[in-house]
Amino acid sequence: MKCDVAIIGAGPAGLTAGYELVKNGKSVIVLEQDAEKVGGISRTVDYKGFKFDIGGHRFFSKSNEVEDLWTELLGKDMLVRNRLSRIYYNGKFYNYPLKPINAFMNLGFMNTLWCVMDYGRSKLFPRKHERSLEDWVINHFGKRLYRIFFKTYTEKVWGIPCDQISTDWAAQRIKGLSLWRAIFHAFKPQNSSNKEAAIKTLIDQFRYPKFGPGMMWEEAARRIQSVEDSEVRLNEKVDRIQHSSGKVLAVQTSNANGTRHHQEADHFISTMPLRSLVRALDPSPPKAVFEAGEALNYRDFITVALIIDHPHSFPDNWIYIHDPAVKVGRIQNFKNWSPHMVPNDLQTCLGLEYFCFEGDGLWQMTDEELIDLGSRELKAIGILNNASVVDGTVVRVPKAYPVYDDGYKMHIQTILDYLREELANLQVIGRNGMHRYNNQDHAMMTGLLAARNILGQHYDLWSVNEDAEYLEEIGKDRMVPRKLNEGLV
Ligand SMILES: Cc1cc2nc3c(=O)[nH]c(=O)nc-3n(C[C@H](O)[C@H](O)[C@H](O)COP(=O)(O)OP(=O)(O)OC[C@H]3O[C@@H](n4cnc5c(N)ncnc54)[C@H](O)[C@@H]3O)c2cc1C
């Protein structure tokens, strides 16, 4: 049966768009490939009553509209949590955000002096062409601080050297951060942050759903389902997008049982990865567009959740593991995100995050091997003390991170030019949908605005910045110049 809008993917972007549309009288079908859960990367996994995220999900946005929507969906079930996080490097734990005495004690006098001298050198003789993330960080912090606080962790996350990562990464993730702001933040009283001026990486507090982020998206899906003629359909992977005469006519889905469905609609919204979308086009696009899709890269991700027979384990929400001696990149303690994430008071559930490429050595390890690796690395870091790992489970997440390598902008532009011409009733939104390495709030804002475009307004979705703010002006950090993007809405 034909609906007003078919949405591909029941993650934050797709469900936000769907919710906005049903509130405004449109019939919506959301097609989700996962057989069990909505929420996408922001889902919550439940293992024997222990709940965990795919990486801890902080709810923080500079957009009041997004914050209000979270409150509208979950009300009092949105907890306000204080943040405690540290960096583990070279056998020491550094507070992050930095605390002056702790940083000084860990670095020692000579190392601190070297950091200051290196910083001075980078200010006097900056790298002229800031092409890579390495250039950007060294110019802002100096070489030594770059080595301690940025290089190893960033390379674990992306799997490529920092001199091959685009400066766009810094623009997206640590925009506005400088040594002076980090030091200023270190000396200011706790929790006095002005939200507008806040730097995301340094925030002291965030909101978090009582039972994890999936709770938010299950509620959004429930509200869509409660409207007549609207549905969220699980176990439906879109693998064909049929188009003709400048617009999409229908999408086709399949599942593991071989069942196929055909869904027609007036409008389509996609949150599926841009590369998969190009592959699914029927008829196929010209060679240059297909190749642009194939040239987009992703970083994949594994969470190893370990149950520990200890009531606390450690006090942080999470610890960044910069130390190159172990493979784990970050460790979450979900009980410290919300006490409701565990089924009893005597145990904790730690989420060990491994960044990898689909098919590489880590990805191909069996679950047992990964649980064993995680247990050994916890011991090596010294977090376990006398406690032990009593159980564990593994979740593999393909395409967790869209990669910003050389050329990714050009490939996206090639694809967008084609979509604008050939598929005028399709909008791409969200993280992998737009190949934007952003948080839920960005995904949600693009979802909201895509819905409003269908309701008659004219937003350019590429004008939503990483803080989920809609910029009327053409900002210098825009992905695609306006003239190339006109008509895409
Ligand atoms: C480790 C990690 C930590 C993070 N931490 C935070 C945080 O602290 N705070 C925060 O706000 N954000 C965080 N994020 C980002 C957040 O997860 C994403 O921004 C958000 O989930 C993006 O929403 P989305 O709907 O665009 O995409 P997704 O969450 O990827 O959802 C897309 C959905 O589409 C489905 N899909 C894909 N292809 C198809 C297809 N062909 N057919 C049907 N369905 C399909 C997928 O199964 C998925 O359910 C984190 C991400 C990671 C990886």
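We count ligands from 1, going down the list as the structure has it; atoms in each ligand are counted the same way. Owing to the predicted nature of the structure, the values given are computational and were not obtained by experimental measurement.
A heavy-atom separation below 4.0 Å is not found between Gly433 and ligand 1. Distances from ligand 1 to the non-hydrogen atoms of Thr271 include at least one value under 4.0 Å. In this structure, His442 has no heavy atom closer than 4.0 Å to ligand 1. Judged by the shortest distance from any of its heavy atoms, Ser276 lies outside the 4.0 Å radius around the atoms of ligand 1. Not a single heavy atom of Lys37 sits less than 4.0 Å from an atom of ligand 1. Within the 4.0 Å heavy-atom cutoff, Phe206 does not count among the residues contacting ligand 1.
Under 4.0 Å from ligand 1, the heavy atoms of Tyr401 that appear belong solely to its side chain. Of all the heavy atoms of Ala443, the ones lying under 4.0 Å from any atom of ligand 1 belong exclusively to the side chain. When heavy-atom distances to ligand 1 are checked against a 4.0 Å cut-off, Arg330 comes that close only through its side chain, counted from C-beta outward.
For ligand 1 and Gly430, the ligand atoms under 4.0 Å from any heavy atom of the residue are 26 (O). Ligand 1 places these atoms under 4.0 Å from at least one heavy atom of Ile8: 40 (C), 42 (N), 43 (C). Of all the atoms in ligand 1, the ones that sit under 4.0 Å from a non-hydrogen atom of Arg58 are 7 (C), 8 (O), 9 (N), 10 (C), 11 (O).
Between Asp204 and Arg83, no side-chain nitrogen of the basic residue sits less than 4.0 Å from a carboxylate oxygen of the acidic one, so the salt-bridge criterion is not met.
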Apply salt bridge (Lys or Arg N to Asp or Glu O under 4.0 Å) to Lys2 and Asp266, showing your working.
CA-CA 8 Å; Lys2 191 170 177 181; Asp266 293 328; 3.0 Å; yes
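Annotation: the span from Leu234 atom CG to Asn255 atom CG amounts to 11.0 Å, rounded to 0.5 Å.
Residue Asp34 has no N or O atom closer than 3.5 Å to an N or O atom of ligand 1. Considering both main-chain and side-chain atoms, Pro273 never comes within under 3.5 Å of ligand 1 through any nitrogen or oxygen pair. Below 3.5 Å of separation, one finds no N or O of Asp441 facing any N or O of ligand 1. Between Glu353 and ligand 1, a contact under 3.5 Å exists for no N or O pair. Between Gln33 and ligand 1, at least one N/O pair is under 3.5 Å apart. Inclusion of Ala13 in the set of residues having an N or O under 3.5 Å from an N or O of ligand 1 is warranted. Ligand 1 has no nitrogen or oxygen under 3.5 angstrom from a nitrogen or oxygen of Lys237. Looking at ligand 1, you won't find any N or O of Met272 less than 3.5 Å from one of its N or O atoms.
Classification of the Tyr89-Tyr94 ring pair by plane angle, with boundaries at 30° and 60°, yields tilted. Between Tyr404 and Tyr408, the ring planes are parallel. Angles under 30° get that label, and only those over 60° would be called perpendicular. Between Phe206 and Trp337, the ring-plane angle classifies as tilted under the 30° and 60° cut-offs.
Side-chain contact between Leu373 and Ile371 is absent, with no heavy-atom pair separated by less than 4.5 Å. In this structure, Val328 and Tyr354 have side chains that are in contact, with non-hydrogen atoms separated by less than 4.5 Å.
Judged by the 6.0 Å distance and 45° axis criteria, Arg396 is not positioned over the aromatic ring of Phe301. Lys156 forms no cation-pi arrangement with Phe355, by the criterion of a distance under 6.0 Å to the ring centre and an angle within 45° of the ring axis. Cation-pi check for Arg431 over Tyr401 is met; the charged atom lies under 6.0 angstrom from the ring centroid and within 45 degrees of its normal. For Arg86 and Phe93, the positive end sits near the middle of the six-membered ring, less than 6.0 Å away and at most 45° from its axis. A cation-pi arrangement is present between Lys23 and Tyr19, with the terminal nitrogen or guanidinium carbon under 6.0 Å from the aromatic centre and inside a 45° cone about the axis.
Aromatic pair Tyr437/Trp158: centroids less than 6.0 angstrom apart.
When Gly40, Ser254, Pro12 are checked for heavy-atom proximity to atom 23 (O) of ligand 1, Pro12 turns out nearest. Of the listed options Gly55, Ala400, Gly11, Gly11 places a heavy atom closest to atom 31 (O) of ligand 1. Within the set Asn438, Ile241, Val157, Asn439, the minimum heavy-atom distance to atom 10 (C) of ligand 1 is found for Asn439.
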